[in-house]
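Inspection log for the structure reproduced underneath, given as structure tokens.
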Number of protein chains: 2
Amino acid sequence: MPKRADLSDTLCPVGRSAELLGDRAVLLILRELLFGRRRFELIAANTGLGPQLVSARLKMLVAEGVAERRAYSERPLRHDYWLTDKGKALFDILYAMRNWSERWAYAPGETGDGPAIRYVHRTCGADVGTAKICPGCGAELGYGDLKGEPSPALKAEQVSRTA
Amino acid sequence: MPKRADLSDTLCPVGRSAELLGDRAVLLILRELLFGRRRFELIAANTGLGPQLVSARLKMLVAEGVAERRAYSERPLRHDYWLTDKGKALFDILYAMRNWSERWAYAPGETGDGPAIRYVHRTCGADVGTAKICPGCGAELGYGDLKGEPSPALKAEQVSRTA
DNA sequence: GATAGTAACTATGATAATCATAGTGACAAG
DNA sequence: CTTGTCACTATGATTATCATAGTTACTATC
């Protein structure tokens, strides 16, 4: 393909974020980072993406100010990736994606009898289901407010990817 | 590139929707459909995508049950594209993208003095800003609840695309 | 009634992004 | 001094994307 058209100068807010998020690799890497999986090899394994793609996208995310690269060990020198505030704010989008999928993306019974990931509000303990505000306490739900519990089937899939 | 890896069988809800949404063309076309722009040529013009890409993606969206193709004229035979309920539910995701961009994706003053798109709650008239629930009446905000008003600069951009 | 639109597409060739696989550099452990 | 770990980089085959032009089936105008 020719160089993909650049949308970063459009004034449309959906277009702007589409430039960043309209890319499978980016979405998967952000999922990993939002789940607190920060190491290169773990991200590559969990997403199934090749190291070259992971490398290229992480560099881009750092350049965009969405993630930052930190040394977590000096000897041997090792780096991992953390979300910035700008990156953490993407939680709302990925959470909306999760909510849509739980409702529309599975065949009946495909996830067992519950959702693929059960989310609980950390501060009040309520199961939030797919709500935008906590049904227990009415608080808005943002980055870090939820504790996710993958279904047994999903957990098994995750284990098989890293094995 | 080789055939892109298929994620549609992953049990992760973010992975599932990433298969659909991790594509610039899809996001832009969904934006058009959510804004009520249903005709092929208009979608192509507003997104800047070539007709072949628009055609391929619309076919996919129809196959996925996100959109449907309807005849709006018999003589001459002409078709356009409408969102299904499954498609309308994607509003939450695009709205979250818009909210993120309004906060993080513009240089200071780039959009004038307000947001790139001002959204007003249809039923109560309140300016919702970038809230998830209406600050005026407390209602949840979904597809069709909001009336968007693009800033003068964005409106000019849209006009220039269709000219 | 021949020419010029209009709208929704399809066809073609050049280019570049992606994948799979293998390899590198710097260090630690046995 | 060989093996292992981790964060990458290198290479070649494949294919999606872009730009541009063309097609089909009508309607409207001259």
Side-chain angles (χ1 to χ4, degrees), chain A residues 1-8 10 15 18-29 32-33 37-63 67-82 161-163, chain B residues 1-8 10 15 18-29 32-33 37-63 67-82 161-163:
Chain A
M1 38 175 146
K3 186 154 57 179
R4 65 196 238 181
D6 189 12
L7 299 173
S8 55
T10 186
E19 181 73 8
L20 178 69
L21 301 173
D23 180 296
R24 264 178 61 255
V26 167
L27 289 177
L28 295 177
I29 290 171
E32 297 305 310
L33 294 176
R37 297 189 276 253
R38 292 180 264 274
R39 291 199 2 261
F40 187 98
E41 295 278 294
L42 198 53
I43 293 170
N46 280 326
T47 58
L49 301 168
Q52 189 157 136
L53 234 199
V54 175
S55 172
R57 289 301 184 275
L58 284 172
K59 258 177 199 144
M60 196 206 76
L61 292 174
V62 170
E68 61 183 359
R69 188 169 180 263
R70 293 187 194 169
Y72 67 88
S73 156
E74 289 299 338
R75 325 195 30 112
L77 185 54
R78 293 279 152 80
H79 296 279
D80 61 0
Y81 295 87
W82 296 71
R161 282 183 184 281
T162 50
Chain B
M1 34 176 150
K3 186 154 57 179
R4 63 196 240 180
D6 189 12
L7 298 173
S8 54
T10 186
E19 181 73 5
L20 178 69
L21 302 173
D23 180 296
R24 265 177 61 255
V26 166
L27 290 176
L28 295 177
I29 290 172
E32 297 304 310
L33 294 176
R37 296 188 278 253
R38 293 180 264 274
R39 291 199 2 263
F40 187 98
E41 295 279 294
L42 197 53
I43 293 170
N46 280 326
T47 58
L49 301 168
Q52 190 157 137
L53 233 200
V54 175
S55 173
R57 289 301 184 275
L58 283 172
K59 257 175 200 146
M60 197 206 78
L61 292 174
V62 169
E68 61 183 359
R69 188 169 181 263
R70 294 187 194 168
Y72 67 88
S73 156
E74 289 298 338
R75 326 195 29 111
L77 186 54
R78 293 282 151 79
H79 296 280
D80 61 359
Y81 295 87
W82 295 70
R161 283 183 183 279
T162 49

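Everything quoted here is computed from the prediction, not taken from an experiment. Residue numbers begin at 1 in each chain, while the letters A, B, ... track the order of the sequences.
With rounding to whole Å, H79(B) atom NE2 is found 11 Å from dC26(D) atom P. Rounded to an integer number of Å, the gap from R37(B) CZ to dA8(C) P is 15 Å. The CD atom of E74(B) sits 17 Å away from the P atom of dA7(C) (whole-angstrom rounding). R24(B) places its CZ atom 10 Å from the P atom of dT17(D), with the value rounded to the nearest Å. Nucleotide dA8(C) holds its P atom 13 Å from the CG atom of N46(B), rounded to whole Å. Protein atom CE of M60(A) is 10 Å distant from nucleotide atom P of dT18(C), rounded to whole Å. Rounded to whole Å, the distance from CZ on R39(A) to C1' on dT5(D) is 9 Å. Between the OH atom of Y72(A) and the C1' atom of dT5(D) there is a distance of 9 Å, given to the nearest Å.
Side-chain nitrogen and oxygen atoms of Y81(A) include at least one within less than 4.0 Å of the OP1 or OP2 phosphate oxygen of dC8(D). Dashed line: the shortest gap from a side-chain N or O of R78(A) to OP1 or OP2 of dT5(D) is not under 4.0 Å. Close to dC8(D), at under 4.0 Å from its OP1 or OP2, lies a side-chain N or O of R69(A). In terms of phosphate contacts, K59(B) brings no side-chain nitrogen or oxygen within less than 4.0 Å of OP1 or OP2 of dA8(C). Side-chain nitrogen and oxygen atoms of S55(A) include at least one within less than 4.0 Å of the OP1 or OP2 phosphate oxygen of dT9(D).
Set against dC27(C), dA7(D), dA10(D), the side chain of Q52(A) has dA10(D) as its closest nucleotide. Set against dT17(D), dC19(C), dT18(C), the side chain of D23(A) has dT18(C) as its closest nucleotide. Of the candidates dA22(C), dA21(D), dA8(C), dA21(D) carries the atom nearest the P51(B) side chain, counting heavy atoms from C-beta on. Side-chain atoms of L49(B) lie closest to dC18(D) of the nucleotides dC19(C), dC18(D), dC8(D). With dA28(C), dT18(C), dA7(D) as the choices, the nucleotide that has an atom nearest any side-chain atom of P76(A) turns out to be dA28(C).
Sequence order on DNA chain C of the closest nucleotides to F40(B) and R57(A) puts F40(B) first from the 5' end. The 5' end of DNA chain D is approached more closely, in terms of each residue's nearest nucleotide, by L42(A) than by the other of L77(B) and L42(A).
Among the protein residues, R75(A) comes within range of the sugar-phosphate backbone only, with heavy atoms under 4.0 Å from sugar or phosphate atoms but none that close to a base.
Shown here for A18(A) and L28(B), the closest heavy-atom pair between the two residues is CB-CD2, 4.3 Å. Taking both residues in full, the closest heavy atoms of I43(B) and T47(B) are given as O-OG1, 2.7 Å, listed atom of the first, atom of the second, then distance.
At a threshold of 4.5 Å between non-hydrogen side-chain atoms, the residues R38(A) and Y72(A) do not count as touching.
None of E32(A), R161(A), E41(A) except one satisfies the side chain to side chain donor-acceptor pair (under 3.5 Å) rule with N46(A); the exception is E32(A). For the pairing with I29(A), the side chain to side chain contact (heavy atoms under 4.5 Å, CB included) check across L27(A), V26(A), L33(A) returns one residue only, L33(A).
For the residue pair Y81(B) and R69(B), a side-chain donor N or O sits within less than 3.5 Å of a side-chain acceptor on the partner.
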